Student: 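Handing you a structure now.
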Number of protein chains: 2
Amino acid sequence: MIFDRKQIVRRYGKNPIITTADLPCRSNSVFNSGCIKRDGRYVMMLRIEDVDGAQHFRMAYSCDGIAFDVCGHPVIIPDSEDMERFELLRYDPRITPLDGAFYVTYAAHGAKGVRICLVQTDDFEKFRRIGYISEPDNRNGVLFPEKIQGRYVRLDRPTMAHGQGGKGDMWLSYSPDLIHWGDHKLVAETRPERWDGHKLGAGPAPIKTPEGWLLLYHGVYERCNGLIYRCGVMLLDLEKPEKVLARSHGYILGPQEPYERIGDVPNVVFVTGNVLEDDGTVKLYYGAADTVMCLAFARLTDLIDAAWNR
Amino acid sequence: MIFDRKQIVRRYGKNPIITTADLPCRSNSVFNSGCIKRDGRYVMMLRIEDVDGAQHFRMAYSCDGIAFDVCGHPVIIPDSEDMERFELLRYDPRITPLDGAFYVTYAAHGAKGVRICLVQTDDFEKFRRIGYISEPDNRNGVLFPEKIQGRYVRLDRPTMAHGQGGKGDMWLSYSPDLIHWGDHKLVAETRPERWDGHKLGAGPAPIKTPEGWLLLYHGVYERCNGLIYRCGVMLLDLEKPEKVLARSHGYILGPQEPYERIGDVPNVVFVTGNVLEDDGTVKLYYGAADTVMCLAFARLTDLIDAAWNR
């Protein structure tokens, strides 16, 4: 039960910040886009759904984190060996700065299921495909921004198949080289009859804090007329990140405004970008109703408190 | 279509070779058991279902590959960190001799799905747990008996979740150390409206031949009253084992005899052991109807021909 109902997250008053009207291409929707800040500039990788149902990524840049200029050309990622089987669609990019470069994880969906694809870039112009780093079905993958105990680490959400209704928990894997992954750990489970009772998975790359890795995550609640996607927060152990130190009882951001309630997929708040500012504010970038991109603010200390439920 | 109807596989006339009557414990069934030959002795790891529905492994040994002596005690595998979530059941062990030791892959099934577990032994008395080498849901894992191009290799069958009815193809992964796995490859797909149209996965460890890795595999056919499990054969490239060089159009062994038709799971032939003899004969060990263990014979050359459909 949520005893403390203070407002942890504050929406930007002029949401949404990016809609199809801001795009240079004819599109259906723009949502669930990764975002980081680099050298004072906000870098967003847009997920755009075209009017034919195909999807593409496109970069957008901003000086204030609010007004974004969208690139005139799509992101070009080299093809894999078999796009029809493995990558008819790509979606939900998360950006992680790591080892002086940028790594993007996204869901690659083809006839043979959905997997996590990892690509690397130095400049968001040229992308190098590292490869699919999971087997099917798995998505919502994101890398930690640094090696932990000498290994790369990722979060992801493998999907249960066997009569479990597509439920899914959040897992974690380690890698010596970004190609071979193992030592898989169950990090956080769905909580029956709670707001994250159906499935849950990582949001954007975790933020390092003295109290642990702060992770925004999505939790899914199943109601008779569909799913509700909300955002919660947890803290993971700095040295052993599969260990959850704290997890918010309640969600901290859920569908409420018309742009979150109404759209191609009603009732979705899906955070895929976060930027920690020098003043201790966190900008949360999120897709709303699988239709538009929105922005919200929180203080880092409030997010940490929310994870601890204090 | 199957043009050549010659008998490739010959059943042992006194099948089944092991039933619950041969066990020193009160049991429901014994089936899908791994088998290899070592220093002239046949070594079988039995999958036994107890009368309470629990399952355990138990060793059995034989001098002729037909009459097996069953051990008085179960195999003891050290517990993982959370048996309820990860390993309420273990089943379908495959044994692979590798690097002078023996590796057993089996399906570990708990509240959080099913994964492939890898354990190692030198003597089939003491087992060392290497760990779960896949995320959920995945099973039918088996290691190749040697490194290929410097890496360990496994076959497996991740299960599709998203409205695809639990269908599954056979995949392959590489590892530098048996712990971290990657470079996942789709090896063989289900063939719609054929005997392996619903799912397929590896049988026992591949046999190295001059024409490629000979792999016995199970294919599953979905009929209105249930699934039918049969055995087919393929050849995989020696250096690049994700490449299928040849694959039998038809199955080479399917449910036909009463002990294959009738049992806890009717209509199942499931090969989990194979032994290549010096005279070029291959012994196929298989579970029948998820109830008993059986034996069949084939000539290696006939299996290779069957893979090539010649």
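Throughout, protein chains are lettered first and strands after them, A, B, ... in sequence-line order, and every chain is numbered starting at 1. Quick caveat, the model's predicted, so the values are computed rather than measured.
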Student: Are A/Arg139 and A/Asp137 within salt-bridge range, i.e. N to O under 4.0 Å?
Tutor: no

Student: With sequence neighbours excluded, what pairs up with A/Ser173 under the side chain to side chain donor-acceptor pair (under 3.5 Å) test?
Tutor: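 Testing A/Ser173 for side chain to side chain donor-acceptor pair (under 3.5 Å), a comparison that skips the adjacent residues, returns A/His184.
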
Student: Applying side chain to side chain donor-acceptor pair (under 3.5 Å), can you list everything that pairs with B/Glu146, at least two apart in sequence or on another chain?
Tutor: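 For B/Glu146, the residues satisfying side chain to side chain donor-acceptor pair (under 3.5 Å) (neighbours in sequence not counted) are B/Lys208.
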
Student: B/Asn28 and side chain to side chain donor-acceptor pair (under 3.5 Å): which partner among B/Asp264, B/Asp50, B/Asp52, B/Thr291?
Tutor: B/Asp264

Student: Heavy atom to heavy atom, less than 4.5 Å: which residues from residues 82-92 of chain B reach chain A?
Tutor: B/Arg85, B/Phe86

Student: When heavy-atom pairs shorter than 4.5 Å are enumerated against chain A, which of B/Leu186, B/Asp183, B/Asp177 gives the highest number?
Tutor: B/Leu186

Student: Under the side-chain contact (heavy atoms from CB on, under 4.5 Å) rule, collect the residues that match up with B/Glu239, sequence neighbours excluded.
Tutor: B/Gln149, B/Asp237

Student: With a 4.5 Å limit on heavy-atom distance, are the side chains of A/Glu222 and A/Leu227 in contact?
Tutor: yes

